[in-house]
Chemist: 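I am attaching a structure below and will ask some questions about it afterwards.
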Amino acid sequence: MAAQVDAVILAGGMARRMGGNDKGLVELLNRPMIEHAIERIKPQVKEILINANRNQNRYSEFGFKVFSDQDSGYLGPLAGMITAMSNTDAEYLLVVPCDCPLLPTDLVARMLAKLTAEDAELAVASDGKREQPVVMLLKPSLRESMKAFLDAGERKIDFWYAKHHYVVAEFSDQPNAFVNVNTPEQKQQLGEAIANEENH
Ligand SMILES: Nc1nc2c(ncn2[C@@H]2O[C@H](COP(=O)(O)OP(=O)(O)OP(=O)(O)O)[C@@H](O)[C@H]2O)c(=O)[nH]1
Ligand SMILES: [Mg+2]
């Protein structure tokens, strides 16, 4: 039987570079940004969880459970992951950010294949050039380790996973898959690029 995988879409940041507008809800091509991620990920997992620290009612309209960080105070993406890990009973949790509209449609399959082939604890995605620390597939049992790391005042995701047996799943065949939107200018550029692509 295929392994059970749930996903958390992280939308819990402050989006300062977006001018403080809730990044998951700003519109890209007339749709809230998170909807692009939902569309890519939904066919690949059992359930989607949304992690958001404001506008929870608006987020719940997408039809999935919404969780805020357990420890308030914007402690970074790891705080959102910890919350999701306590709210899933799946074998694996996929973590993705809300601001990556072009995530691979074969993300879970390839990360899971790599993780199981090497009997690793977690897999991190790479675009072929760089690891993408907010795109991970992990076992929810890693929650204790992540919590201890955060409680010790640490924040950096790659420092955390370096402590574990991890593998890197490469998506060099899809160099734009992890394009990430942080500013209004990037949003504008990506919107135009996608629209151009669709017109060809
Ligand atoms: N739960 C949670 N998620 C966070 C937090 N900070 C960032 N994230 C998420 O982590 C992902 C990557 O972070 P960034 O792209 O830096 O987003 P951001 O922090 O909202 O934006 P900036 O304020 O411009 O850095 C995004 O999906 C954010 O929603 C946090 O404190 N808590
Ligand atoms: Mg940030």
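Whatever order the structure lists them in is the order used to number ligands and atoms, beginning at 1. Because the structure is predicted, anything quoted here is derived from the model rather than measured.
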Chemist: Any idea which of Pro97, Ala11, Cys100 brings a heavy atom closest to atom 11 (C) of ligand 1?
Modeler: Pro97
Chemist: Tell me the protein heavy atom at minimum distance from atom 27 (O) of ligand 1, and give that distance in Å.
Modeler: Leu10 O, 2.7 Å
Chemist: Which residue and atom name correspond to the protein heavy atom nearest atom 7 (C) of ligand 1, and how close is it?
Modeler: Gly13 CA, 3.5 Å
Chemist: At what distance is the nearest protein heavy atom to atom 12 (C) of ligand 1, and which residue and atom is it?
Modeler: Val134 CG1, 4.3 Å
Chemist: Is the closest basic N to carboxylate O distance between Glu61 and Arg58 below 4.0 Å?
Modeler: yes
Chemist: What residue and atom, counting heavy atoms only, is the protein's closest point to atom 18 (P) of ligand 1, and at what distance?
Modeler: Ala15 N, 3.7 Å
Chemist: Using a 6.0 Å cut-off, check whether atom CG of Asn30 has over 12 heavy atoms from anything other than its own residue.
Modeler: no
Chemist: Is Asp89 salt-bridged to Lys46, going by a charged N under 4.0 Å from an acidic O?
Modeler: yes
Chemist: Would a 4.0 Å cut-off, counted as strictly less than, catch a protein heavy atom around atom 32 (N) of ligand 1?
Modeler: yes
Chemist: Can you report which non-hydrogen protein atom sits closest to atom 23 (O) of ligand 1, along with the distance?
Modeler: Arg16 N, 2.7 Å
Chemist: Any Lys/Arg nitrogen of Asp6 or Lys65 sitting under 4.0 Å from an Asp/Glu carboxylate oxygen of the other?
Modeler: no
Chemist: For atom 17 (O) of ligand 1, grab the closest protein heavy atom and report residue, atom and distance to one decimal in Å.
Modeler: Lys23 NZ, 3.2 Å
Chemist: Given that the side chain starts at C-beta and the backbone is N, CA, C, O, which of these parts of Thr83 lies under 4.0 Å from ligand 1, counting heavy atoms, or is it both or neither?
Modeler: neither
Chemist: Suppose we measure from atom 16 (O) of ligand 1 to each protein heavy atom; which comes out shortest, and what is that distance?
Modeler: Arg17 NH2, 2.9 Å
Chemist: Taking heavy atoms and a distance under 4.0 Å, where does Asp69 meet ligand 1: side chain, backbone, both or neither?
Modeler: side chain
